[in-house]
There are 2 protein chains.
Amino acid sequence: MNTPISPDTAIGIAAVERDTGLSKDTLRVWERRYGFPTPDRDANGERVYPPDQVEKLRLIRRLLDVGLRPSKVIPASTSDLAALLECHHRKAISPEQQERELTLMQYVRLHRSAELVTGLHQAVMKQGLQRFVAETIAPLNEAVGEAWMRGEIDVPEEHLYTEQVQNVLRSAISAHAAHGGSPRILLTTFPDEHHVLGLLMAEATLVPEGASCISLGTRTPLADIRSAAVNGRFDVVGLSFSIAYPLRQAVDDLLELRAALPASIEIWAGGQAVKGKERRLPGIRVINGLDDTLAALKEWRTAHAD
Amino acid sequence: MNTPISPDTAIGIAAVERDTGLSKDTLRVWERRYGFPTPDRDANGERVYPPDQVEKLRLIRRLLDVGLRPSKVIPASTSDLAALLECHHRKAISPEQQERELTLMQYVRLHRSAELVTGLHQAVMKQGLQRFVAETIAPLNEAVGEAWMRGEIDVPEEHLYTEQVQNVLRSAISAHAAHGGSPRILLTTFPDEHHVLGLLMAEATLVPEGASCISLGTRTPLADIRSAAVNGRFDVVGLSFSIAYPLRQAVDDLLELRAALPASIEIWAGGQAVKGKERRLPGIRVINGLDDTLAALKEWRTAHAD
DNA sequence: TCAACGATTTGTCCACGACAAAATGAATAC
DNA sequence: GTATTCATTTTGTCGTGGACAAATCGTTGA
């Protein structure tokens, strides 16, 4: 592998794959089809990308995540792309959201992490765990996601935010520590879902109600979810899908899991990706928002009151 | 992507890459050269791997990580490989470790998660955070990893273990909450490293010493690590590499980061993958084990005592 | 015991073709 | 207007086989 040491040096294809999240195959096929990027070649004939092209690739990647298509964005100039990105979140922001953001969002900075932690702790004390999740974390999550889209915060700040929220939520959940309640709920995500906050928010909502939650964290293979649910004699399997999860895959995976589980085990699916898709998910309880989590819990208890 | 529902489910090449950490290229080239694996083909002519071959691939991967060579291990039978692996950690395990493991390892079961939590909490209370990490979590981690390779525990149990340890560590770290200390340490992993426990263990070791740790969690792109370290005016960047991380990539990435950071910012690299590799990592402080973390901290403080 | 140096092993990269899944848009029915 | 269906693009992944440099091994000589 080439790792040229000079600072302004161009970048090998493997490094570009890492930095942009675009697979080597994709990079090569774009070059073939759209004429971009146009890497130089090293002495060995291997692709070597100039840093500014990698930068443009990163921009493109963001725009793809937002829903634009390669053929539209790849031919555009770097400055056009920046403009596109700019106008894309303008529309998604409301005044009162901006208001709320200001409170904690200003602490989502590397050098203010201490204040963020303090702020989060105060909020959870004041509001209690459930309201904290619903009224503070959920909107803050969205605000951070949008600020990220807008390029106002970087990857490190987004990571830092996730870490700190995780710390607060996990501490709070541990403190509730109610074992033996019912229903027994198994929480996890499918293998391609990395985001853990949705899961923790669900757990933080359910645990105070006396449900017995066991979380496997993210990325559990489907077959293992099945075996864990059956062997652990769970009543419910809860899956979380972030906005970035492809709907089609979510539907397929969920239906496959539904087919693999006995009917006595319910499946609850929550998160932006599956919101409002109950029609395509027969046999699955779609959770539309955090309050709906409690509704689902109530329904289960009513149905199993014996 | 095809995920056939049949119970004896076969696995596509992308899934195998994810599960084993072997690149698609490598999988294809092994098939060409060594005649293994021998995937079936689906209707579309694409490779479809039987689960038992994926299992063998995982074993092989593990043995490669230990230093054996593909030509030696690929032709061997699955049971031979298991035996090889077995004898490979025999030597690294002491009787009293086995004793300690038994205590908590028996709780790493889905239906005993409550006891695991209790046991972990008791241990952290009794030993204090640092000793808890060094004497309980570290060996337990290894035991779980090996039990997993041996097939004694499943994915769900491994996930559950990770989750619970995470809960305990994060709570304990939060409780120490010492801001403003020095050095300022930025903790994270490279994009291909998913494992978070190493990071948390480092943080749990450093925070009680009064260091000011900020963790970005896993999977931060190299360019973002650089910008965060510089903008956040950190003194040290700490990276964690699990046993599964390809050594070559670790070396390349570390040297690239070293070149990108000002010399005033130290880089500390810890974890199984980089253990004892200081010769290949000039300018980088390799952390060999948890106690070495404290040594590194002491060195830094001596060097910066002014 | 250690350094140097061919021989061999091994992972990554390349090119280009193929194809199925996803997105789009037009046409149709409710 | 709003859905549903269907044909048409778009787009990412996969396949083959060849090539090559970096890592490793094994031998030789100090």
Side-chain angles (χ1 to χ4, degrees), chain A residues 1-4 11-18 20-36 39-49 57 60-61 63-75 192 245-253 273 276-277 279-280, chain B residues 1-4 11-18 20-37 39-49 57 60-61 63-75 192 246-252 255 277 279-280:
Chain A
M1 183 102 333
N2 315 330
T3 12
I11 307 160
I13 195 172
V16 176
E17 174 179 39
R18 263 202 337 259
T20 64
L22 300 164
S23 79
K24 300 181 184 76
D25 277 324
T26 301
L27 288 167
R28 286 192 278 252
V29 115
W30 281 6
E31 189 180 333
R32 202 196 307 167
R33 286 191 186 140
Y34 310 112
F36 181 90
D40 302 325
R41 300 302 178 118
D42 66 6
N44 186 26
E46 303 194 344
R47 288 173 176 78
V48 162
Y49 296 79
L57 286 170
I60 292 174
R61 176 56 142 88
L63 286 164
L64 294 193
D65 287 341
V66 179
L68 298 193
R69 311 203 62 185
S71 57
K72 309 283 178 186
V73 292
I74 297 181
D192 289 330
Y245 206 88
L247 172 59
R248 178 53 165 273
Q249 199 185 332
V251 171
D252 287 352
D253 292 348
K277 306 297 182 205
R279 280 203 21 234
R280 298 173 63 172
Chain B
M1 193 90 332
N2 316 329
T3 11
I11 306 161
I13 194 172
V16 176
E17 175 178 39
R18 230 191 24 229
T20 63
L22 300 164
S23 78
K24 300 181 183 86
D25 276 325
T26 301
L27 289 166
R28 287 192 277 250
V29 115
W30 280 6
E31 189 180 335
R32 202 196 306 168
R33 288 194 185 135
Y34 309 111
F36 181 89
D40 302 325
R41 302 298 179 120
D42 65 7
N44 186 26
E46 304 193 344
R47 289 173 175 77
V48 163
Y49 296 80
L57 286 170
I60 292 174
R61 179 60 193 315
L63 286 164
L64 294 193
D65 289 339
V66 179
L68 300 191
R69 310 205 60 185
S71 57
K72 309 283 178 187
V73 292
I74 296 181
D192 288 331
L247 172 60
R248 181 171 347 162
Q249 198 184 332
V251 171
D252 286 349
L255 292 179
K277 306 297 183 211
R279 275 204 22 232
R280 297 171 63 173

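First the proteins, then the strands, lettered A, B, ... as listed; each starts at 1. Predicted model only: the values in this text are computed from it and were never measured.
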Nearest whole angstrom, please: distance from the C1' of C/dG25 to the NZ of A/Lys72. 11 Å
Looking at B/Arg47, I'd like to know whether one of its side-chain N or O atoms comes within less than 4.0 Å of OP1 or OP2 on D/dT16. yes
Interatomic distance, CG@B/Leu57 vs CD@B/Glu17, rounded to 0.5 Å, equals 12.5 Å
Round to the nearest Å and state the distance from A/Leu22 atom CG to D/dT11 atom C1'. 13 Å
Find the distance B/Arg41:CZ to C/dC19:P and express it as a whole number of Å. 14 Å
All heavy atoms of B/Pro37 vs all of B/Trp30, minimum pair found to be CD-CB, 4.3 Å
Take the C1' atoms of the five end pairs on each side of the helix from C/dT1-D/dA30 to C/dC30-D/dG1, get both axes, and report the angle to 10 degrees. 40°
By nearest-heavy-atom nucleotide on DNA chain D, the more 5' of B/Arg69 and B/Glu17 is B/Glu17
Would you check if the side chain of A/Arg47 reaches a backbone N or O of A/Ile13 as a donor-acceptor pair within less than 3.5 Å? no
Quick check on DNA chain D: between A/Asn44 and A/Pro70, whose nearest nucleotide comes earlier from the 5' end? A/Pro70
Got A/Lys72 and A/Leu63 here, is their nearest side-chain heavy-atom distance under 4.5 Å? no
Would you say A/Lys24 places a side-chain N or O within less than 4.0 Å of OP1 or OP2 belonging to C/dT12? no
Below 4.0 angstrom from OP1 or OP2 of D/dG12, is there any side-chain N or O of A/Arg32? no
Between atom CZ in B/Arg28 and atom C1' in C/dA15, what is the gap in whole Å? 13 Å
Closest to the side chain of B/Arg33, out of D/dT24, D/dC14, D/dA19, is D/dA19
I want to confirm an ordering. Mapping B/Ala43 and B/Val29 to their closest nucleotides on DNA chain C, which one lands closer to the 5' end? B/Val29
Are OP1 or OP2 of C/dT9 and a side-chain N or O of B/Tyr34 less than 4.0 angstrom apart? no
Given C/dC16, D/dG12, C/dC14, identify the nucleotide with an atom nearest to the side chain of A/Ile13. C/dC14
Side chains of B/Ile60 and B/Leu22: closer than 4.5 Å at any heavy-atom pair? no
Rounded to whole Å, how long is the line connecting atom CD of B/Glu46 with atom P of C/dA20? 8 Å
Under-4.0 Å side-chain N/O to phosphate OP1/OP2 contact, A/Ser71 with D/dT11: yes
Are B/Ser23 and C/dG11 close enough that a side-chain N or O sits under 4.0 Å from OP1 or OP2? no
Output yes when a side-chain donor or acceptor of A/Asn44 lies under 3.5 Å from a complementary backbone atom of A/Glu46, and no otherwise. no
Over how many whole Å does the gap from B/Trp30 atom CH2 to D/dG15 atom P extend? 16 Å
Heavy-atom pair of closest approach, residues B/Pro70 and B/Tyr34: CB-OH, 4.1 Å
Under the criterion side chain to side chain contact (heavy atoms under 4.5 Å, CB included), which of A/Thr26, A/Leu27, A/Thr20 is the partner of A/Ser23? A/Thr26
Take atom CD1 of A/Ile11 and atom C1' of C/dC13, then tell me their distance rounded to the nearest Å. 17 Å
Rounded distance in Å - CG (A/Asp25) to C1' (C/dC13): 11 Å
